[in-house]
2 protein chains.
Amino acid sequence: MTPLREKILITASHLFQTQGINSTGVDTIVAVAGTTKMTLYKYFTSKEKLILEVLDKGHQDFQTWLSNKLNSNTKKPSEKLQKLFEFIEEWVTSPDFHGMGFIKASAEFPSEESPVHQLSSEQSRQFRQYINSLALEANIQDAEGLALQLSLLFEGAAQAEQMKRGSGAMKYAKKAAKILIDGALAQG
Amino acid sequence: MTPLREKILITASHLFQTQGINSTGVDTIVAVAGTTKMTLYKYFTSKEKLILEVLDKGHQDFQTWLSNKLNSNTKKPSEKLQKLFEFIEEWVTSPDFHGMGFIKASAEFPSEESPVHQLSSEQSRQFRQYINSLALEANIQDAEGLALQLSLLFEGAAQAEQMKRGSGAMKYAKKAAKILIDGALAQG
DNA sequence: AGCAGGGTATACAGATTAGTATAATAAGGG
DNA sequence: CCCTTATTATACTAATCTGTATACCCTGCT
């Protein structure tokens, strides 16, 4: 894609994460990105469209990064589950992490009719679905239940880490995940 | 307190939860509460002060409700821990639950310098501290670690329940909590 | 040389925001 | 009946927001 479009996306993403979505005006975005409103509205027909695309890109980046990490570092399905939180920790504690996009977006757009809220909800569901597929491959009985539990831990830890950096939340989330996964594996 | 002040607080709380804090204007609050801006600014010197008080009241209501429930239904410390998520589920799945205030507030006010963010962070810490005290009474070795894990589960589940009502997240959070608590109790 | 397209600069409209100033109204107590 | 206090009604300021309109500039292509 055109570099200017990309730059707007990246800038908006960064500002949304650090200042909040509703608190970030279009003027701020273009000023930081070093362009003008005209070009922004040429590539994105509205601020809402921009928000949706930022969310989409953020989620895709995370998902592909995570599955690449898992696929290139592990082979056994059960191993993937166990390494999952290892890599999630790596992602979440990286210095430029400022919260999972879909968690914050759903908080800023609580109305269920809002397209932003709907996308956030869908992304949360997709992530849970991904863990579910890992659990299924590992022959876990209640795969859906474990996937839900692990996603709760993840969302809680991401939330905590965003609320207070360096809280060490992920370290304990990892331990909790290990206990839950080992239990589910033992149970068949 | 004066009934009008109370009504403004309750109305604001409800609107903040359902529409979001930044998306709720002062005019909307007074219109729904059936009063005028003049009286609102008589009782609350600014919108930020109102937000802080809404957050404070919400957290206090939750904390006192929870500890009352625990103290009147259980006696043994270990029992309190085990019943904890039972009552939390009751709170979170109640029909007028729309998310934990401090979680959403910290998402809408991500900047750490924001007083709203600071209060949210403090409330999250207080809640974790409360679980910590329960764990300590139950003679759990790594009380702090368990408290953190349980609070992660709770925040994740509250988040999930707010994102999609009736998701059943709390049911599985409860199961996960039981596993973690039993493990920690067995370990001494 | 000259044209076209992508980008800039800037000003603007229209709506909405937080917060204030002023005057009118209602009610209760001496 | 009058004084006080609380509340309302309404208009306003000043800032900010999204989105648009207009004119200009620059660069590459032919």
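Not measured: the values here are computed from a predicted model. Lettering of chains follows the sequences in order, A, B, ..., and the numbering in each one begins at 1.
Among residues at least two apart or in separate chains, ring pair (Phe, Tyr, Trp, His ring centres under 6.0 Å) pairs with a member in residues 133-168 of chain A are A:F62-A:F154, A:F127-A:F154. Counting only residues at least two apart or in different chains, ring pair (Phe, Tyr, Trp, His ring centres under 6.0 Å) contacts with residues 27-52 of chain A are absent. Evaluation of the salt bridge (Lys or Arg N to Asp or Glu O under 4.0 Å) test over residues 176-188 of chain A, restricted to residues two or more places apart or in two chains, returns A:K178-A:D182. For residues 159-186 of chain A, the set of pairs meeting the ring pair (Phe, Tyr, Trp, His ring centres under 6.0 Å) definition, not counting sequence neighbours, is empty.
For B:D96, the side-chain contact (heavy atoms from CB on, under 4.5 Å) partners are B:S94, not counting sequence neighbours. The side-chain contact (heavy atoms from CB on, under 4.5 Å) test applied to A:H14 returns A:T18, not counting sequence neighbours. For A:Q162, the side-chain contact (heavy atoms from CB on, under 4.5 Å) partners are A:K104, A:Q159, B:S106, B:H117, not counting sequence neighbours. Checked against side-chain contact (heavy atoms from CB on, under 4.5 Å), B:Q19 has the following partners two or more places apart in sequence or in another chain: B:L15, B:T24.
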Indicate every side-chain donor-acceptor pair of residues 129-138 of chain B with a distance under 3.5 Å to a residue at least two apart or in another chain.
unit_1 : atom_1 : unit_2 : atom_2 : d
B:S133 : OG     : B:Y130 : O      : 2.6

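Heavy-atom distances under 4.0 Å link DNA chain C to no residue of residues 105-117 of chain B.
Rounded to whole Å, the distance from NZ on B:K7 to C1' on D:dT7 is 14 Å. To the nearest angstrom, C1' of C:dT20 lies 18 Å from CZ of B:F44.
The pair B:E161-B:R165 meets the salt-bridge criterion, since a charged nitrogen lies less than 4.0 angstrom from a carboxylate oxygen.
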For nucleotides 16-26 of chain D, give me every protein contact, N/O to N/O, under 3.5 Å, one pair per line with atom names.
unit_1 : atom_1 : unit_2 : atom_2 : d
D:dT18 : OP1    : A:K47  : NZ     : 2.8
D:dT18 : OP2    : A:V26  : N      : 2.8
D:dG19 : OP2    : A:Y41  : OH     : 2.8
D:dG19 : OP2    : A:K47  : N      : 2.8
D:dG19 : N7     : A:K37  : NZ     : 3.1
D:dG19 : O6     : A:K37  : NZ     : 2.3

Check: protein-nucleotides 5-7 of chain C nitrogen or oxygen pairs below 3.5 Å:
unit_1 : atom_1 : unit_2 : atom_2 : d
C:dG7  : OP1    : A:Y43  : OH     : 3.3
C:dG7  : OP2    : A:Y43  : OH     : 2.9

